[in-house]
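For the numbers below, each heavy atom of this structure counts, side chains included, while hydrogens, waters and symmetry mates do not.
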Amino acid sequence: LTRCIMHTLRDTHHTHNVGNNYSKAMKFKLPGCTVVVLQTVFDMKKLDDLHNTLRLLPDGSTGKVVAGLLDERNFRLIPKFPNHDLKHVVLDYEMKIEDEIKMQAYLVGNGNYTWPCLLFLTLGIFKPIIWKDIVAHYQQGKSSPCVFNLNLTDVMHVPIDKLKKKYGRNRTIANKSSRCTTLRKQ
């Protein structure tokens, strides 16, 4: 686990793309280690079917954009985290470790106190160059509409521009409604 964490800190790529190749998977870092475990424990067929469905949606739909983001990086949806990939798209966070940490800070500020969110946020301790950014993203999440309950299957047909206008980090201040105020558990 320690080696996974240390390699993660040197790597800047999100690691969904482990597929079924164990030797490739061993090259991936902490997120990759987590992905391997999740893909081993859970049935991937349902998520692979969902990914294929997302690919077939109209251009500009949220689902099509999520599928495109994953496909261009050769990633798959991973068990327990399809809504996480949705948040990357809606909130415009890249799939690299620094943006992952910033997004977790945003989500904690937004009221998401789940174990995975807090765990990945703690990786920021090892990235002092982004400490100020972490605080800024936390503050931004604190003053933003609640994204905790956004669900990929519920919004896959919604135009991505509509979701970004309502929930995105670059939305207008006038859309500052439905702030998360309760403790979130997973």
I need the [X] [atom1] to [Y] [atom2] distance, nearest 0.5 Å.
X	Y	atom1	atom2	result
L77	K46	CG	NZ	12.0 Å
L152	K87	CG	NZ	10.5 Å
Y106	S143	OH	OG	7.5 Å
K102	L91	NZ	CG	13.5 Å
H51	I78	NE2	CD1	12.5 Å
I160	D59	CD1	CG	13.0 Å

If you take all heavy atoms of [X] and [Y], which pair is closest and at what distance?
X	Y	result
A67	L54	CB-CB, 3.7 Å
Y167	P145	CD2-CB, 4.0 Å
Y113	L118	O-CD1, 3.5 Å
D92	K164	OD1-NZ, 2.8 Å
I101	F120	CG1-O, 3.9 Å
V155	T62	O-CB, 3.4 Å

When you compare the side chain of H84 with that of E100, does any pair of heavy atoms fall below 4.5 Å?
yes
Should N83 and L150 count as side-chain neighbours, where that means a heavy-atom distance under 4.5 Å?
no
Are any of the side-chain nitrogens in D49 or K45 under 4.0 Å away from the carboxylate oxygens of its partner?
yes
Indicate, with yes or no, if M156 and L56 share a hydrophobic cluster defined by side-chain heavy-atom contacts under 4.5 Å among Ile, Leu, Val, Met, Phe, Trp and Tyr.
no
Is V108 reachable from W131 through a run of hydrophobic residues whose side-chain heavy atoms are each under 4.5 Å from the next?
yes
So which of L70, N74, L69 actually passes side chain to side chain contact (heavy atoms under 4.5 Å, CB included) with E72?
L69
N/O donor-acceptor pair under 3.5 Å between [X] side chain and [Y] backbone:
X	Y	value
K64	R55	yes
N110	S144	yes
D99	M95	no

With no hydrogens and no angle check, just 3.5 Å: does a side-chain donor-acceptor pair link Q104 and H137?
no
In sequence, state the C-alpha distance, the side-chain angles, and the governing distance for R169 and M103, and then conclude on side-chain contact (heavy atoms from CB on, under 4.5 Å).
CA-CA 10 Å; R169 291 186 298 138; M103 186 172 89; over 6 Å; no
Go through the steps to decide whether L107 and T114 satisfy the test side-chain contact (heavy atoms from CB on, under 4.5 Å), and finish with yes or no.
CA-CA 10 Å; L107 294 173; T114 61; over 6 Å; no
